[in-house]
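Let me begin by presenting the structure, written as structure tokens, before commenting on it.
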Protein chains: 2
Amino acid sequence: MSSDKHLTVVALGGFGEIGLNMMALELGDSIIVVDAGLMFPEEDMFGIDAVIPDFTYLRERYQLIRALIVTHGHEDHIGAVPFFAQEFRVPIYGTTFTLALIREKLREHNLLNRTDLRTIKAEDVIEIGPFKVEPFRVCHSIPDGVGLIIHTPYGPIVHSGDFKLDHTPVDGKRLDVEKLSRATEGRTLLLLSDSTNVEREGYAPSENHIARTLAQIFSESSGRLIFAVFASNIHRIQQIVDIASLHGRKVLFHGKSIQSNVRMASELGYLNLTEAELISLKDLATVPDHQVVMITTGSQGEPMSALTRIAFGDHKWIKIKPGDTVVLSSKFIPGNERTIHNLINHLYRRGAEVIYEKIRDIHASGHAYREELKWLISMVKPRYFVPIHGEYRHLVMHRRIAISMGIPEDRCFIMEDGDTLIIGNGCARLGSKVPFGRIFLDGKGVGDIAGPVLRDRKHLAEDGLVIVSLVIDQEYGGILSGPDVFSRGFISEEMNPEILQAAQCLILELFDQYMEEGVKPEVGELQREIRKQLKKFFHKILGRRPVIYPVIAEV
Amino acid sequence: MSSDKHLTVVALGGFGEIGLNMMALELGDSIIVVDAGLMFPEEDMFGIDAVIPDFTYLRERYQLIRALIVTHGHEDHIGAVPFFAQEFRVPIYGTTFTLALIREKLREHNLLNRTDLRTIKAEDVIEIGPFKVEPFRVCHSIPDGVGLIIHTPYGPIVHSGDFKLDHTPVDGKRLDVEKLSRATEGRTLLLLSDSTNVEREGYAPSENHIARTLAQIFSESSGRLIFAVFASNIHRIQQIVDIASLHGRKVLFHGKSIQSNVRMASELGYLNLTEAELISLKDLATVPDHQVVMITTGSQGEPMSALTRIAFGDHKWIKIKPGDTVVLSSKFIPGNERTIHNLINHLYRRGAEVIYEKIRDIHASGHAYREELKWLISMVKPRYFVPIHGEYRHLVMHRRIAISMGIPEDRCFIMEDGDTLIIGNGCARLGSKVPFGRIFLDGKGVGDIAGPVLRDRKHLAEDGLVIVSLVIDQEYGGILSGPDVFSRGFISEEMNPEILQAAQCLILELFDQYMEEGVKPEVGELQREIRKQLKKFFHKILGRRPVIYPVIAEV
């Protein structure tokens with residue numbers, strides 16, 4: 001599929017879904033991988049903790065892989081790094097803050113010592129095999145994000161990373177337009193660009209835009225203030241901390257992930273806490289309410305988060321009281337709405353004021369809106385265009401924008417996971433598919449759960465389970481014990497004992513029938529027949545189809 | 001709790017949740033019930049089809065119930081009517097279109113003939129026991145909705161129903177301000193008002209507001225047009241049909257619920273099809289694409305809907321082709337986002353253009369926004385105020401609005417399901433709680449599934465199931481058959497056969513131990529011990545906690 005004469009772009013994740021971002025560039029005997037992200041499970045992935053990309057394509061070409069380059073430290077870009085590092089011992093490149101986050105992960109997986117982490121800086125040009133990689137600074141909802149200019153013999157490729165244009169970023173570090181301009185010289189071979197917010201018209205508001213609302217909230221509140229943010233949103237934290245200092249409030253960072261991120265960010269110079277007066281949980285009781293601001297996580301209603309425990313009254317130290325104001329300063333991730341609504345209801349029930357995106361302007365997205373996406377296309381003038389980071393509809397809309405800006409249709413490609421784009425001299429086309437897929441993480445298991453197991457979980461979830469236990473005489477086929485019928489998640493046995501009793505009778509009748517016919521039933525047939533009879537019976541009387549498990553022993 | 005000297009408002013459903021709307025008014029020996037709605041299941045209600053209110057309070061007072069009055073025909077107001085009618089043989093009052101929808105439901109439940117349905121008209125005053133009930137017309141996303149003015153010896157109560165102010169409704173029928181004004185004479189005892197959209201500032205756009213977007217969509221499209229709407233949104237259907245006639249498109253109503261609603265609405269004069277040229281599915285192939293508009297349901301991505309089948313390529317007659325435009329003309333109900341996104345992605349994948357609320361102005365809510373809620377309070381000047389139809393946060397916000405408009409705090413009540421409000425001469429207070437709750441419908445079962453069954457389903461869904469089968473000798477305790485270990489939804493047994501084998505060995509070791517100690521284990525203890533050992537083992541090697549079901553027979 002690839003040869004010395006071609007450059008191949010390989011879509012491994014995030015092409016057709018939000019999350020799971022991973023792609024590879026293959027040229028001759030060299031492969032570089034960009035990002036290794038995870039995806040949070042969808043509703044029907046029962047019991048799954050997270051999803052990572054299938055590495056089969058990389059596994060089959062291990063010797064060719066020169067490096068993994070990571071654009072920024074969000075989970076959908078670094079969440080699969082430990083699983084990658086476990087398998088592929090190649091250098092991992094990232095900026096300072098990104099590597100700090102990766103280091104934490106590798107430490108947890110006992111992989112830190114054996115992994116070759118290499119810091120990239122804004123001014124670096126890294127040579128990796130036939131590629132020269134120049135990072136360029138972007139604005140995003142995490143510090144130290146970069147896009148990549150990847151120089152190839154066919155011309156430069158621009159990978160946007162996750163980006164927005166922010167003319168007034170909190171840290172003053174704007175997207176590095178100069179570098180983008182100089183490095184591409186307006187003749188980009190290929191633009192790979194973030195499609196997350198392609199549905200939104202206009203420009204994303206600056207992170208700075210919400211400062212006014214934050215200040216208002218501080219002015220209005222006379223009780224304790226509790227902010228829930230994403231732990232990696234250091235600029236948001238900076239804004240809250242700064243306003244807190246102005247209002248003479250002391251800051252309590254609560255929760256493991258926020259404390260760890262704040263520590264790292266402030267040690268590395270991404271967060272300035274010099275003005276802040278920090279307190280710890282044990283000081284809380286001694287500080288007057290109007291002098292407290294707590295910053296924590298859990299804005300998505302995560303069940304184990306401090307905020308959820310606070311909302312449900314289960315937190316050991318922090319009890320909500322009237323006068324408290326809780327601010328969910330983040331977006332509602334689709335799929336989490338009901339959980340978040342539930343969280344808000346509980347906070348209100350305990351007397352808190354709750355402020356969230358729907359009712360107040362307290363979140364700014366980190367992803368470019370439609371006009372910004374157009375800006376990037378104008379800026380780098382790509383010969384070929386591939387939208388990345390999006391569900392199928394996002395990719396289609398983003399491709400249309402590129403076409404509307406004058407890039408010929410046959411040079412704008414929709415790539416889905418597993419697709420390859422083969423770029424030669426003056427031409428590009430989709431090549432054959434490579435292995436791809438989603439690997440499920442559940443507990444300590446990586447990839448040991450696949451479709452059939454999930455289908456079983458779904459069936460069990462929706463209809464419950466009936467177990468029939470029966471011991472029969474090996475020689476004559478008579479019943480030695482049972483039939484006993486139990487259920488789980490099917491009906492309330494106390495309320496309706498007669499249903500399982502009737503099922504029992506049905507099985508006995510079945511045996512009577514065999515007796516009459518003088519047949520000794522074989523175990524397999526008996527299982528099939530019991531399943532069939534009970535299925536029909538339960539459906540008739542209850543309209544339900546539980547999983548039926550006949551356990552038949554012969555002694 | 002109630003006496004001749006008091007009027008009692010009883011919250012039975014929808015006070016603290018969206019859906020499940022039901023309340024009662026009790027005075028002396030008379031009770032009237034307002035609405036009997038259902039709620040669609042939340043994510044963690046595995047396998048549940050719908051939820052209805054617990055009727056225990058009504059059951060205990062059957063002889064006092066004089067009537068059920070229904071404000072409009074949405075499921076969250078009439079979905080529980082068949083279950084109510086099954087149990088309580090009292091008159092059911094509703095407007096013409098509302099009763100037409102109820103009639104369909106009762107027919108399905110074989111209850112139509114035995115139920116006393118009474119049509120109410122805008123000019124009616126209905127005397128029911130000590131109550132005089134005057135309906136007043138409201139605007140909503142279904143025809144023939146009303147609010148209620150309920151005259152009591154203590155003064156009139158206004159129940160808003162589901163309402164919005166719409167100065168340009170499609171059918172020209174505005175909220176009946178004159179009647180509201182005349183009947184209350186500015187001295188309302190109590191206002192019960194719809195809180196659904198209290199989070200939204202300003203005024204809800206008129207249904208008419210989206211006509212422009214609809215017309216644009218017709219102008220832009222040269223292929224087939226497919227609209228997905230709620231089947232009861234007759235005004236939306238009217239608008240689409242009218243624009244279709246203007247553009248020379250023929251109309252295909254596709255799907256059972258939409259056909260049934262369209263037939264009823266047009267027979268009863270709520271939908272005017274005289275200008276429309278209707279076609280049926282079999283005509284579809286003979287009509288040029290640019291002359292077709294299909295109206296169907298399925299805008300929430302319901303798995304069995306025609307639209308989902310179309311999107312997934314499973315529809316027998318309708319295949320999406322490039323040039324088709326699909327318009328989801330309804331809101332994304334929270335909790336359905338991912339399913340809807342998935343639907344949109346599939347439609348795009350098949351080449352359709354898809355238009356939805358997020359990217360175009362093609363839905364107008366049927367519920368009043370904040371300024372309209374204020375308008376109603378101004379209008380009826382209630383002595384007491386109770387927000388209805390909302391989650392807890394909605395109720396709190398709505399109550400605050402009432403307070404901000406000058407109603408004293410101690411006259412604005414948050415009622416949750418089961419709460420009672422006791423109104424006497426010149427005073428009102430929350431009384432003691434009555435029985436309340438959620439009854440789950442699953443298949444044909446009504447209320448036979450409760451919390452523990454759902455918890456089991458959740459556990460099975462997340463961690464799967466392990467069954468251990470064992471036959472032991474009744475006399476000596478030795479193993480006669482097994483241990484056999486099976487699983488469902490736990491691990492892939494083909495990929496990891498060694499895990500269940502190891503579990504088997506653990507059980508055998510357990511028996512060896514009993515042997516050594518010369519103990520014959522009792523079945524209950526054996527079950528506990530097997531559960532304990534396997535739980536520990538699975539958690540250690542996989543980090544998972546499946547449901548473990550030891551089936552042990554003694555022979």
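By convention in this document, chain letters (A, B, ...) are assigned in the order of the sequence lines, proteins followed by strands, and residues within each chain are numbered from 1. Keep in mind that this is a model prediction, so the values were computed, not measured.
- Taking the six-membered ring where tryptophan is involved, the planes of A:F46 and B:F46 are perpendicular, since the angle between them exceeds 60° and thus also 30°.
- Looking at A:H341, both its backbone and its side chain come within 4.5 Å of chain B, counting heavy atoms on both sides.
- Contact annotation for A:S487: only backbone heavy atoms (N, CA, C, O) come within less than 4.5 Å of a heavy atom of chain B.
- Per-residue heavy-atom pair counts under 4.5 Å with chain A were compared for B:I449, B:D484, B:L542, and the maximum is reached by B:L542.
- A cation-pi arrangement, defined by a distance under 6.0 Å to the six-membered ring centre and an angle within 45 degrees of its axis, is absent between B:R393 and A:Y348.
- Interface check for chain A: of the options B:P452, B:G543, B:G447, the most heavy-atom pairs under 4.5 Å are formed by B:G543.
- With a 4.5 Å cut-off on non-hydrogen atoms, B:D442 touches chain A through its backbone and its side chain both.
- Around the NZ atom of A:K536, the shell of radius 6.0 Å holds no more than 12 heavy atoms that belong to other residues, nucleotides or ligands.
- The candidate with the highest count of non-hydrogen atom pairs below 4.5 Å against chain B, out of A:A461, A:G443, A:A553, is A:A461.
- Proximity to chain A is limited to the side chain of B:R400, based on heavy atoms less than 4.5 angstrom apart.
- Contact detail for B:P334 and A:E337: the closest heavy-atom pair is CB-CB, 4.2 Å.
- For chain A, the nearby parts of B:E462 are the backbone and the side chain; heavy atoms of each come within less than 4.5 Å.
- Of the atoms belonging to B:E554, it is backbone heavy atoms, and not side-chain ones, that fall under 4.5 Å from chain A.
- For the set B:I414, B:L465, B:L454, B:V354, the count of heavy-atom pairs under 4.5 angstrom toward chain A peaks at B:L465.
- Heavy atoms of B:P41 lying under 4.5 Å from chain A belong exclusively to its backbone.
- With hydrogens and angles disregarded, no donor-acceptor distance shorter than 3.5 Å links the side chain of B:K358 to the backbone of A:R200.
- Neither the backbone nor the side chain of B:F440 has a heavy atom closer than 4.5 Å to any heavy atom of chain A.
- Paired with A:L460 under the rule side chain to side chain contact (heavy atoms under 4.5 Å, CB included), one option of B:D456, B:D463, B:V547, B:L460 passes, and it is B:L460.
- Residue contact with chain A, scored on non-hydrogen atoms closer than 4.5 Å, involves the side chain of B:M397 exclusively.
- For the pair B:Y549 and A:I467, the minimum side-chain heavy-atom distance is below 4.5 Å.
- A salt bridge links A:D448 with B:R544; the closest basic N to acidic carboxylate O contact falls under 4.0 Å.
- Salt bridge status for A:E42 with B:R338: absent, with no side-chain N to carboxylate O gap under 4.0 Å.
- Chain A forms the most heavy-atom pairs under 4.5 Å with one residue out of B:A450, B:G445, B:G16, B:G464, and that residue is B:G445.
- Proximity to chain A (any heavy atom under 4.5 Å) is shown, for B:L480, by both the backbone and the side chain.
- Only the backbone of A:I541 comes within less than 4.5 Å of a heavy atom of chain B; no side-chain atom from C-beta onward does.
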